Amino acid sequence: MKNQTAYKCGLFGLGEPNADFAKYFTGNSYLKPLNNPKECAVFLANVTFEPKCRNFWHIHHASNGGGQILICVDGQGYYQEAGKSVQKLSAGDVVVIPANVKHWHGATADSWFSHIAVEVPGENTRTEWCEEVTDQEYDKL
C-alpha cells in the first residue's frame, strides 16, 4: 500500500482493505470491526481513509431510529450533508447523522483520517449509495 509506512495506523490499527465497499469509495479505505454485530445491537467499526479518499454520497434510511454516528479518532477529514457547507473534522469530533440525510465523509487531501462508525439501530434500516463526490467537487474544498 502506498504511504502505509507514513501512517501510524491510528488508535485501533489500520484494519483490512475495505473490499466489500470499495465500489462506493474514491481511493482506498480500510475497515477494522470493533465488535461482532451478531453479539450486540450496535455495530462499531474503525474506518481509515488514505489522503483524498472519500465515500460516495449516501443515505442511511430508516422508518424509525437509525442513522449513523462518526467518532473521529485520528487525522483530518471532511463531512458534508447535501445542501450544506463541508465541515472539517479532527480527532475528538463527533458527528451525529440522522436517518434519511444524504451525506459523505472522508480524508483531507494531505492527511490520513480514521473514525469509528456507529450504526444506530432502527427499523427498516438500509444504506442507499448515490453519486460519487467528483475530483472537481473535492478539489474545491
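This is a predicted model, so every value here is computed, not measured.
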d(T127 OG1, N55 CG) to nearest 0.5 Å is 10.5 Å
Rounded to the nearest 0.5 Å, the OG atom of S63 sits from the CG atom of N124 at a distance of 3.5 Å
Looking only at heavy atoms, the pair that brings G75 and F113 closest together is C-CD1, 4.0 Å
Report yes if some heavy atom in the side chain of I69 is under 4.5 Å from a heavy atom in the side chain of V120; otherwise report no. yes
If we only count heavy atoms from C-beta on, is the V86 to W104 side-chain gap below 4.5 Å? yes
Could you check whether any side-chain heavy atom of C72 comes within less than 4.5 Å of a side-chain heavy atom of V94, counting everything from C-beta outward? no
Is there a donor-acceptor pair closer than 3.5 Å between any side-chain N or O of K32 and the backbone N or O of F12? yes
Could you pull out the closest heavy-atom pair between F49 and A107, with the gap in Å? CB-CB, 3.8 Å
Specify the closest pair of heavy atoms between V42 and P121, including all atoms of both residues, with the distance to one decimal. CG2-CG, 3.7 Å
Is P51 close to D110 at the side-chain level, that is, under 4.5 Å between some pair of heavy atoms? no
Would you say Y138 ends up clustered with Y79 if hydrophobic residues are merged whenever their side chains have heavy atoms under 4.5 Å apart, either directly or through other cluster members? no
Measure the shortest side-chain to side-chain distance between L31 and N46 over non-hydrogen atoms and say whether it is less than 4.5 angstrom. no
Within the 4.5 Å heavy-atom criterion, are V133 and W57 side-chain neighbours or not? yes
Results of ring-ring contact (aromatic ring centres under 6.0 Å, His included) for Y24 - residues two or more places apart only: W129
Might you point out which heavy atoms bring F56 and C130 nearest each other, and give the distance in Å? CD2-O, 3.4 Å
Would you confirm whether S29, through its side chain, and T48, through its main-chain N or O, come within 3.5 Å as a donor-acceptor pair? no
Please assess S114 against D74 for the test side chain to side chain donor-acceptor pair (under 3.5 Å), listing each intermediate value before the final yes or no. CA-CA 5 Å; S114 295; D74 196 49; 4.8 Å; no
Quick one about Q68 and H60 (side-chain donor to acceptor, distance below 3.5 Å, no hydrogens or angles considered), yes or no? yes
Inter-residue atom distance L11.CG - I116.CD1, 0.5 Å rounding: 7.0 Å
Reported NE2-to-CG distance for the pair H115 and L70, which is rounded to 0.5 angstrom: 4.5 Å
Is there any salt bridge (Lys or Arg N to Asp or Glu O under 4.0 Å) pair reaching into residues 132-141, and which pairs are they, with sequence neighbours excluded? K52-D139, R54-D135
Mark yes or no for whether H105, through its side chain, and G77, through its backbone, hold a donor-acceptor pair below 3.5 Å. no
Stepwise side-chain contact (heavy atoms from CB on, under 4.5 Å) check, H58 with H103: CA-CA 6 Å; H58 59 286; H103 66 282; 3.0 Å; yes
What distance separates Q80 CD from Q87 CD, expressed to the nearest 0.5 Å? 9.0 Å
Less than 4.5 Å apart, any side-chain heavy atom of W112 and any of L14? yes
Could you tell me whether the side chains of Y78 and Q76 share a donor-acceptor contact shorter than 3.5 Å? no
Nearest 0.5 Å, please: how far is CG in L34 from CG in L44? 6.0 Å
Side chains of I59 and V101, heavy atoms from C-beta outward: is any pair under 4.5 Å? no
For the pair H61 and E128, evaluate side chain to side chain donor-acceptor pair (under 3.5 Å) and give the outcome as yes or no after the intermediate values. CA-CA 7 Å; H61 290 286; E128 175 187 0; 2.6 Å; yes
Quick one: does any side-chain atom of E50 pair with a main-chain N or O of N28 as donor and acceptor, under 3.5 Å? yes
